[in-house]
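Being a predicted model, the structure only gives us computed values, none of them experimental.
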Amino acid sequence: MRSCKWAALGLTGALAFSMPFYSEAAVEKPEQMDETVWERLQDNVLEYGEIGDLVEYYNPTYRQIVEQIGINTKPFEEAAGELRKSAEEMTSDAKDIKDLDPVMHKVMQEAAKEYRRAAEKFDKAITSVHNNTRHQLSMVKKMTTSGIQQMMNGYYQAMASREILDTAVALSQAAYESAVTQRNLGMATDTDVQAAEKSLQAARGQLQALDDQMTSLRQQMCIMTGWNYDADIQLGEIPEPDFARIEAMNPENDLAKAIGNNYTLIEQRGISAKGDANKAAKFRLMDDTEAKVKADLELAYQTVLESRTAYEAANTAFQGAQITMNGNELKYQMGMLGRLEYLQLKMAYLQQKAAARTAALSLTQAIENYGWIIQGLEGQSNGG
């Protein structure tokens with residue numbers, strides 16, 4: 001089951017880690033959540049489609065913000081509660097003396113009303129705190145969810161390359177053994193063996209570096225979704241590209257929603273601007289941001305189209321490579337190919353296979369990026 005020892009994630013434009021802390025609040029099932037959905041969040045599988053919920057209920061930074069809101073509003077809540085309690089007691093006492101002292105009865109009733117009015121002011125203060133942090137919470141959740149999606153995508157792109165490097169190690173090992181055999185037969189020199197050994201070490205080093213990269217990505221994903229960094233979890237698969245989402249894309253129609261949701265613009269709209277000069281500066285700033293949102297959306301859409309073309313080309317090439325490899329497998333089994341030659345042919349096949357997988361992952365990520373811009377996140381135009 002999930003561990004409750006979390007490490008905090010700092011989010012200031014980029015994602016970074018800080019000291020671990022523990023939060024009890026996130027382990028309670030939300031009332032509105034279906035029991036089946038909640039149980040899936042508790043298992044040891046990090047599913048792509050669960051990332052948003054895992055961020056909301058288990059991400060350390062998100063939970064820290066939620067808890068800070070609770071800390072900020074608690075004094076107001078307690079004060080409002082005490083005032084309402086006093087109002088109820090005052091009302092009750094006023095009823096008891098209504099016939100005995102009508103004047104005091106009226107005074108006490110007015111006092112009870114004042115208590116209730118004061119409680120309402122604290123309620124408004126609580127509402128104000130929540131309103132001021134609502135956009136921050138939403139932005140943190142979306143940015144973190146998007147970041148974890150990209151990490152998972154990067155993890156699987158690295159995994160697509162791993163089979164190539166693993167085969168490269170096998171090929172280098174076979175080449176080294178062949179060089180040693182040839183040297184023993186007087187058909188190769190010590191220099192040839194040393195060169196083969198150096199190639200083998202380089203191949204092993206590349207494989208280890210890739211494994212280290214994948215381990216790092218896995219650890220970061222664990223921390224950002226509420227597990228210990230070294231938790232023994234399964235990673236769910238990333239969905240195949242959703243072509244229905246591509247067909248529904250229309251940058252011209254989607255722009256209004258992207259502008260309405262953009263967090264930078266939301267902040268800029270809230271800027272107080274007194275005087276004509278300040279107002280003009282505010283509107284110029286907003287116009288510039290709107291222009292950037294438009295450029296981001298158009299660039300993201302073009303990236304989707306280019307990624308789709310690359311995906312289709314990579315899959316066509318992979319289908320041809322698969323047919324060729326099936327024939328090579330048969331030849332190798334029949335002894336018509338030596339091990340070195342077979343591994344070289346397999347390397348070419350695996351490169352096509354990895355290219356097809358990477359193209360699919362890149363297209364899925366491009367589709368997600370377009371969607372996140374519509375939901376208010378910054379895009380990548382002008383180095384953003």
Under 3.5 Å: donor-acceptor pair, side chain of Asn59, backbone of Met224: yes
Enclosure of Gln68 CD (heavy-atom neighbours >12, cutoff 6.0 Å): yes
Note: Arg183-Asp192 ion pair, threshold 4.0 Å (strictly below): no
Atom of Asn228, atom of Cys222 and distance for their closest heavy-atom approach: O-CB, 3.3 Å
Pairwise side chain to side chain donor-acceptor pair (under 3.5 Å) hits with a residue in residues 243-253, at least two apart: Glu247-Arg308
Residues forming a side chain to side chain contact (heavy atoms under 4.5 Å, CB included) with Gln319, sequence neighbours excluded: none
Exceeds 12 heavy-atom contacts within 6.0 angstrom, atom CG of Asp212: yes
Minimum heavy-atom distance Leu345-Met325, with the two atoms named: O-SD, 4.2 Å
Gap separating the OH atom of Tyr342 from the OG1 atom of Thr167, nearest 0.5 angstrom: 8.5 Å
Test ring pair (Phe, Tyr, Trp, His ring centres under 6.0 Å) applied to Tyr156 - qualifying residues, sequence neighbours left out: none
Polar side-chain atom of Thr144 near backbone of Val140 as donor-acceptor pair, under 3.5 Å: yes
Test salt bridge (Lys or Arg N to Asp or Glu O under 4.0 Å) applied to Lys74 and Glu77, step by step: CA-CA 5 Å; Lys74 187 175 181 180; Glu77 293 171 352; over 6 Å; no
Check: Thr364 main-chain N/O paired with Glu368 side-chain donor or acceptor under 3.5 Å: no
Stepwise side chain to side chain donor-acceptor pair (under 3.5 Å) check, Asp190 with Gln194: CA-CA 6 Å; Asp190 289 341; Gln194 291 169 1; 5.7 Å; no
Donor-acceptor under 3.5 Å (Thr215 side chain, Asp211 main chain): yes
Neighbour count above 12 (heavy atom, 6.0 Å) for Met33 CE: yes
Tyr115 OH: over 12 foreign heavy atoms closer than 6.0 Å: no
Donor-acceptor pair, side chain of Asn278 and main chain of Lys274, under 3.5 angstrom: yes
Presence of salt bridge, Lys85 and Glu88, under 4.0 angstrom: no
Stepwise salt bridge (Lys or Arg N to Asp or Glu O under 4.0 Å) test for Arg357 and Glu237: CA-CA 12 Å; Arg357 176 61 171 153; Glu237 290 293 329; 3.3 Å; yes
NZ/NE/NH1/NH2 to OD/OE distance under 4.0 Å, Glu163 and Lys353: yes
All pairs passing salt bridge (Lys or Arg N to Asp or Glu O under 4.0 Å) where residues 326-352 contributes a residue, at least two apart: none
Check: Gln149/Asn153 side-chain N/O donor and acceptor closer than 3.5 Å: no
OG on Ser216 to CD on Gln220, rounded to 0.5 Å: 4.5 Å
Gln268 side, atom CD; Asp288 side, atom CG - distance, nearest 0.5 Å: 8.5 Å
Nearest-0.5 Å distance that lies between atom CD1 in Ile69 and atom CD in Gln64: 11.5 Å
Side chain Ser307, main chain Ala359, donor-acceptor under 3.5 Å: no
Lys282 side chain vs Ile271 backbone, donor-acceptor pair below 3.5 Å: yes
Contacts of Phe243 that satisfy ring pair (Phe, Tyr, Trp, His ring centres under 6.0 Å) - sequence neighbours left out: Tyr311
Backbone N/O of Ile374 and side chain of Asn261: donor-acceptor pair under 3.5 Å: yes
Side chain to side chain contact (heavy atoms under 4.5 Å, CB included) partners for Asn326, two or more places apart: Gln322
Electrostatic pair Lys292-Asp296, nearest N-O below 4.0 angstrom: yes
Heavy-atom closest pair, residues Leu207 and Val169: CD2-CG2, 4.0 Å
Spacing of CD1 belonging to Ile223 relative to CG belonging to Asp230, to within rounding of 0.5 Å: 9.0 Å
Greater than 12 external heavy atoms within 6.0 Å of Asp232's CG: no
